[in-house]
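For reference, the structure discussed in these notes is given below.
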Amino acid sequence: MRKPLPIKALFDSDYIDQQVYVAGWLRSARRGKRFSFAVLNDGSCFQSLQIVIDNSRFPAHVLDNLHTGGCIAVEGTVVRSPGREQAIELQAQNITIFGTADPATYPLQKKQHSLEFLRTIAHLRPRTRFFSAVLRIRNTLSYAIHQFFQERGFFYIHTPIITASDCEGAGELFQVTTFDLNDVPKQDGMVDYQQDFFGKPAYLTVSGQLNVETTALALTKVYTFGPTFRAEHSNTPRHLAEFWMVEPEMAFYDLEDTMDLAEEFLKNIIQKVLDNHQDDLAFLSQFNQVDLTERLKRVIQEPYERLPYTEAIAILEASKKNFQFPVKWGIDLKTEHERYLTEEYFKKPVIVYNYPAEVKAFYMRQNDDGKTVAAMDVLFPEVGEIIGGSQREERYERLLQRIQTLGLKIEDYHWYLAIRQYGSAPHSGFGLGLERLVQFCTGMANIRDTIPFPRAYGLLNF
RNA sequence: GCCCUAGUAGCUCAGCGGUUAGAGCGGGUGGCUGUUAACCACCAGGUCGGGGGUUCGAAUCCCUCCUAGGGCGCCA
């Protein structure tokens, strides 16, 4: 099949007076007496291409079927546009109609639709300027994440989607089963999992971290980047039940090395959005009412503030602010505390580290003070925590003791403990929720607008 | 899980006890036009989210359910 030239190419270099073949979806079509105008977009870039159609050269069945939403291919000559709103346009010589769209029923109009409405037509919203811009930026971030780690000698590891137990306590689990739930096999009144697919209970992963640690203690620097599933009943614009998470894990990295890496990582991938998406950012800035270029530059230019938890608490206590959640040593930082630190006190990203052990996960490395663990959170203005990470507890006895203290089952963690028993090494890592970063970079207020088909509590359409 | 707000035409909304429920956009028809979310005229389009109640009378007040959005918690 003949391959169309991406419309992006027409705007990136000079095609004036050249014959080209393009294809895409009509954003609008205006019929005139002598000329018709069609606005064609193929998603390759923010811009659309104006097609100029001399009505006398085309039969009625072509002209009658040019409507918003239709898919066409056009062969024609690129010329400078006499119109003010575009530099170039295409004089059509041949038009192929691939798919019509009945304007009486096609839901998208050539006007701004509410994001709420677009969520109800998730199968069509990639055709909008809003959503295509978000998807392009999401792609750039994903690619930049791989580039960043690949260029630094990290290996991409595929951790399992189905897991045998809640190995982090990171959240509520989705159970996986092939049982007919109307007729579950039972033994002594309890579900007989021996008859289930795996012969035991199975779940969707809430984090690849514990699995990826085993490969860090073999390949030294690794990362996993895949879907994650949490069954929390969270009903907010910041939570999804299915989201994508990046988790690097490095042997011979301590907490400070990890903070260095996290900062370099964020600056690197956000820079790529600035480098490649001026049009998308300008559009999203206008409609999300935030200067995204400014927002992104702000987290790239300056060094992030690094602050032990204990000092963060002291700053919050000294602030005399009337927080909804009172501040005292031992609490986990709430959104309002994070925002005070990043937006009012330091006015830039802040990395808080050495948190009280009680508010952090069992696997984090215990500090010598006996109270805190080597954890760190990168906090961004406006969004709060964007990265959470830690140095892992590599000392077998310490980890075993912690697992026992928290009442976790040792047999569930036998392999996780075993890598501390044989050739253990200091190691660290962090996790980044992709959609939260897409939210930050695009200014989308609702995380459901950062992924093509959002899944959330009570929400599973399409 | 808790709290708040809102569901009226395909979309965005007005109407908030009293005739036959309105506008803009979108759609159809006609006109006009190198147009720019074009423009002008006419036409079609609604069980006012579902159910129950109060009232002479309910889109409007009350109860309840559903759906959507926002705030908080949990978290990434």
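Chain letters run A, B, ... following the sequence lines, proteins first, then strands; residues in each count from 1.
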How would you label the contact of [X] with the nucleic acid (heavy atoms, under 4.0 Å): base, sugar-phosphate, or nothing?
X	answer
A:S36	nothing
A:L434	nothing
A:Y457	sugar-phosphate
A:Q109	base
A:N235	base
A:F430	nothing
A:F117	sugar-phosphate

Next on the checklist: Would you say that more than 12 heavy atoms from the other residues, nucleotides or ligands in this model lie under 6.0 Å from the NZ of A:K8, or not?
Outcome noted: no
Next on the checklist: Atom CD of residue position A:E336 - does it have more than 12 heavy atoms of other residues, nucleotides or ligands inside 6.0 Å?
Outcome noted: yes
Return the value, rounded to whole Å, for the distance between atom [atom1] of [X] and atom [atom2] of [N].
X	N	atom1	atom2	answer
A:I447	B:C75	CD1	P	16 Å
A:D332	B:A76	CG	P	10 Å
A:L118	B:A68	CG	P	16 Å
A:E247	B:A76	CD	C1'	9 Å
A:L115	B:A68	CG	C1'	13 Å
A:L240	B:C74	CG	P	18 Å
A:H239	B:C72	NE2	P	11 Å
A:E385	B:A76	CD	C1'	7 Å

Provide the distance between the two [atom1] atoms, one in [N] and one in [M], to the nearest whole Å.
N	M	atom1	result
B:G49	B:G7	C1'	6 Å
B:C56	B:C65	P	28 Å
B:C48	B:G17	C1'	15 Å
B:U12	B:C3	C1'	28 Å
B:G18	B:G22	P	15 Å
B:C62	B:C72	P	28 Å
B:C39	B:A59	P	35 Å
B:A41	B:C32	C1'	11 Å

Partner nucleotide of [N] by Watson-Crick or wobble geometry (both distances under 3.5 Å):
N	value
B:A76	none
B:C42	B:G28
B:A58	none
B:U67	B:A6

Checklist entry - Within less than 4.0 Å of OP1 or OP2 of B:C74, is there a side-chain N or O belonging to A:K334? => result yes
Item to check | Side-chain N,O (A:Y106) to OP1/OP2 (B:G26) below 4.0 Å | outcome: no
Less than 4.0 Å between a side-chain N and a carboxylate O, is that true for [Y] and [X]?
X	Y	answer
A:E172	A:R230	no
A:E393	A:R402	no
A:K221	A:E249	no
A:R34	A:D54	no
A:R306	A:E263	yes

Checklist entry - For RNA chain B, whose closest nucleotide is more 5', that of A:E116 or that of A:I386? => result A:E116
Next on the checklist: Please encode protein proximity along nucleotides 27-38 of chain B as a string of B, S and -, counting only heavy-atom distances under 4.0 Å.
Outcome noted: SS---SBBBBBS
Item to check | Closest to the A:S114 side chain, choosing from B:A76, B:C75, B:U12 | outcome: B:U12
Answer with yes or no whether [X] presents, from its side chain, a donor or acceptor under 3.5 Å of a partner atom in the base of [N].
X	N	value
A:H113	B:C11	no
A:S234	B:C75	no
A:H233	B:C74	no

Item to check | Side-chain (A:D254) to main-chain (A:Q391) donor-acceptor, under 3.5 angstrom | outcome: no
Next on the checklist: For the residue pair A:R152 and A:F148, would you count it as a cation-pi contact if the rule is NZ or CZ under 6.0 angstrom from the ring centre and within 45 degrees of the ring axis?
Outcome noted: yes
Item to check | Ring centre gap for A:Y156 and A:F225 strictly below 6.0 Å | outcome: no
